[in-house]
Amino acid sequence: MKFGHNGLGTPVHITGEIFAKEAGINIAQVPFRGDSEALAALLGGHIQLIFAYNPAVLKEHVKSGTIRILGVAEENRLTIPEFENVPTFIEQGINVAFSFWNGISAPKGLPAAEKARLAAGLKEMINDPEFKKNMEELGMTVQYLRPNEFSERWIEDNAKLTKIVKETGIAELIASQKK
């Protein structure tokens, strides 16, 4: 079975490798230049599986029945229409929960007053009910983390990812590509 992703070492590639390891299966990874190329290869029958970062890209294909979502690689089910009844992999007995998240950073040495102003503005925006609603409609969960909480999350997730990248052989794949 071939699995398409949007590049070596990307979160989607890592999720696929975690899934294969946890499910005890072998899947051949096929890197593409982006999600749209991987989706086109899936629709064309060139690959059999993709892990997608953005559920909104898949929504119309799910509605039309051209693809079927087998599981969600998050801790909780998605809340957007067409996906709310798709079980997580954990619910299906496969220990895969890899959340994609984004953060905002500022230059080292940013004055404390500017850092506090930026953090307050971001907290207000992220906690705005309309903003949260819009993000959830796109299949994204938003959560404000204070700067120290964000740093802790970054360090914790970095340690997990480093371990996964080594255990799955992704580090060796990337190193071999650089030669």
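Side-chain atoms of E149 come within 3.5 Å of backbone atoms of R146 as a donor-acceptor pair (strictly under, hydrogens ignored). Using a distance-only test at 3.5 Å, with no hydrogens or angles considered, a donor-acceptor pair links the side chain of Q92 to the main chain of L70. Proximity of a side-chain donor or acceptor of E82 to a complementary backbone N or O of K59 within less than 3.5 Å is not detected. Remark: the backbone N or O of T88 is paired with a side-chain donor or acceptor of E91 at under 3.5 angstrom.
Ring-plane geometry between F51 and F89 is classed as tilted, the angle between the planes lying from 30 to 60 degrees on a 0 to 90 degree scale.
Comment: K166 does not engage E172 in a salt bridge, judged by the lack of any side-chain N to carboxylate O separation of less than 4.0 angstrom. No salt bridge links E84 with R77; every basic N to acidic carboxylate O contact stays at or beyond 4.0 Å. Looking at R153 and E156, no side-chain N of the basic residue comes within less than 4.0 Å of a carboxylate O on the acidic one, giving no salt bridge.
In this structure, L145 is not a member of the same hydrophobic cluster as L110, with clusters built from ILVMFWY side-chain heavy atoms closer than 4.5 Å. In the hydrophobic cluster analysis, where Ile, Leu, Val, Met, Phe, Trp and Tyr join through side-chain heavy atoms closer than 4.5 angstrom, I18 is grouped apart from I90.
At a threshold of 4.5 Å between non-hydrogen side-chain atoms, the residues I25 and F19 count as touching.
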Going through the distances and angles, do V86 and L78 end up as a side-chain contact (heavy atoms from CB on, under 4.5 Å)? CA-CA 8 Å; V86 177; L78 299 177; over 6 Å; no

